[in-house]
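Below is one structure, written out as structure tokens; the observations come after it.
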Protein chains: 2
Amino acid sequence: MFDPACPSNAMPIKIGDKWSAAIIRCLEDGPRRFSEFQIPLRGITTKVLTGSLRSLERDGLIERTVYPEVPLRVEYTLTPLGRTLLEPLDAAAAWARQHMPALLAAREEYDRRTV
Amino acid sequence: MFDPACPSNAMPIKIGDKWSAAIIRCLEDGPRRFSEFQIPLRGITTKVLTGSLRSLERDGLIERTVYPEVPLRVEYTLTPLGRTLLEPLDAAAAWARQHMPALLAAREEYDRRTV
DNA sequence: CAGAATCCCACGTGATACTG
DNA sequence: CAGTATCACGTGGGATTCTG
């Protein structure tokens with residue numbers, strides 16, 4: 001899941017910052033805890049994860065719930081507003097399936113010509 | 001057109017780099033010359049415009065045609081591949097119309113609470 | 001467990017000046 | 001007209017270490 005070697009950085013359509021789209025995907029099937037993101041999002045640091053989570057929370061796209069247990073537990077869930085992003089997210093994925101190969105081919109061709 | 005004061009930087013859905021979406025919009029009704037972009041895209045520098053144009057050309061989204069006249073004339077047009085981006089672009093605009101107010105409101109609310 | 005605190009670097013963006 | 005050449009800067013992303 002979320003292979004860092006995939007050419008998603010070449011995607012012309014982006015949702016939020018570098019990790020937001022993946023975070024939203026992680027949440028579409030239910031709530032998740034902070035440390036659970038670090039499994040599928042291999043390599044993300046706590047600082048960056050916190051930053052992305054805060055940003056999404058600020059925009060009302062996810063909700064942060066603290067359970068004052070010991071040890072501490074924090075859960076993140078998609079808000080209804082956040083769920084509306086799943087549609088454009090799917091649209092972007094559909095576009096990618098249809099046109100990314102052509103884009104990548106054009107890019108290779110261009111690079112080969114200009115060296 | 002393309003008011004720099006509009007909250008498009010808050011948009012979670014982005015196409016390409018900072019100016020790409022606007023450039024594509026500029027081209028949807030026909031070809032344009034280099035200097036013609038600088039009118040609607042107020043404030044873009046020649047260096048940045050060149051960079052964005054090159055990037056779009058590299059990905060096969062636009063085509064650059066040089067007419068060896070005096071003075072020199074260069075025209076940019078959308079390729080069929082580039083035209084496929086108009087659909088997600090419209091979808092993003094539709095999303096913005098429906099949900100950006102809620103996002104902005106959530107953001108304001110969040111900022112007011114945290115100070 | 002869920003982060004906060006620091007330090008650091010690359011890169012996207014931009015201002016300014018110059019050229020075939 | 002359509003760029004190129006420099007220089008400069010903020011910030012998003014990351015590595016590492018520490019804490020309630």
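Since the model is a prediction, treat every value here as computed from it, not as a measurement. To find a chain, count down the sequence lines: A is the first, B the second, and so on, and within it residues start at 1.
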> Whole Å only: how far is the CD atom of A:Q38 from the P atom of D:dT16?
Replying inline: 14 Å
>> So, does B:S35 get its side chain near the phosphate of D:dA2, meaning an N or O under 4.0 Å from OP1 or OP2?
In response: yes
> Hey, are the side chains of A:Q38 and A:T46 touching, using non-hydrogen atoms and a 4.5 Å cut-off?
Replying inline: yes
> Taking atom C1' of C:dA10 as reference, at what distance in whole Å does atom CG of A:N9 sit?
Replying inline: 15 Å
> Is A:R64 near enough to C:dG3 that one of its side-chain N or O atoms lies under 4.0 angstrom from OP1 or OP2?
Replying inline: yes
> Would you say B:F34 and B:T50 make side-chain contact, with heavy atoms under 4.5 Å?
Replying inline: yes
> Taking the side chain of A:F34 as its heavy atoms from C-beta onward, which of D:dC1, C:dG3, C:dT13 lies nearest to it?
Replying inline: C:dG3
> Any Lys/Arg nitrogen of B:K14 or A:D17 sitting under 4.0 Å from an Asp/Glu carboxylate oxygen of the other?
Replying inline: no
> In whole angstrom, what separates A:D17's CG from C:dG12's P?
Replying inline: 16 Å
> Hey, does A:L27 have a side-chain heavy atom less than 4.5 Å from the side chain of A:F37?
Replying inline: yes
>> Just the rounded figure in Å: distance from C1' of C:dG20 to CD of B:E69.
In response: 16 Å
>> Regarding A:E108 and A:R112, does a basic nitrogen lie under 4.0 Å from an acidic carboxylate oxygen?
In response: no
> Atom CD of A:E75 to atom P of C:dA2: distance rounded to whole Å?
Replying inline: 9 Å
> Residues in ring-ring contact (aromatic ring centres under 6.0 Å, His included) with A:W95, at least two apart?
Replying inline: A:H99
> Checking A:T84 side chain against A:L81 main chain: does a donor-acceptor pair fall under 3.5 Å?
Replying inline: yes
> What residues in residues 43-58 of chain A put a non-hydrogen atom under 4.0 Å from any atom of DNA chain C?
Replying inline: A:T46, A:K47, A:T50, A:R54
> When you check the phosphate oxygens OP1 and OP2 of C:dA2, does a side-chain N or O of A:R33 lie under 4.0 Å from one of them?
Replying inline: yes
> Of the nucleotides C:dC1, C:dA2, D:dG3, which has the atom closest to the A:V74 side chain?
Replying inline: C:dA2
> Which residue lies toward the 5' end of DNA chain D, A:W19 or B:L72, if each is placed at its nearest nucleotide?
Replying inline: B:L72
>> Can you measure B:K18 atom NZ to D:dT11 atom P for me and round it to whole angstrom units?
In response: 12 Å
> In whole angstrom, what separates A:L41's CG from C:dA2's P?
Replying inline: 15 Å
> Separation of B:Y67 atom OH from D:dA2 atom C1', in whole Å?
Replying inline: 15 Å
> Any side-chain N or O of B:Y76 under 4.0 Å from OP1/OP2 of D:dG3?
Replying inline: yes
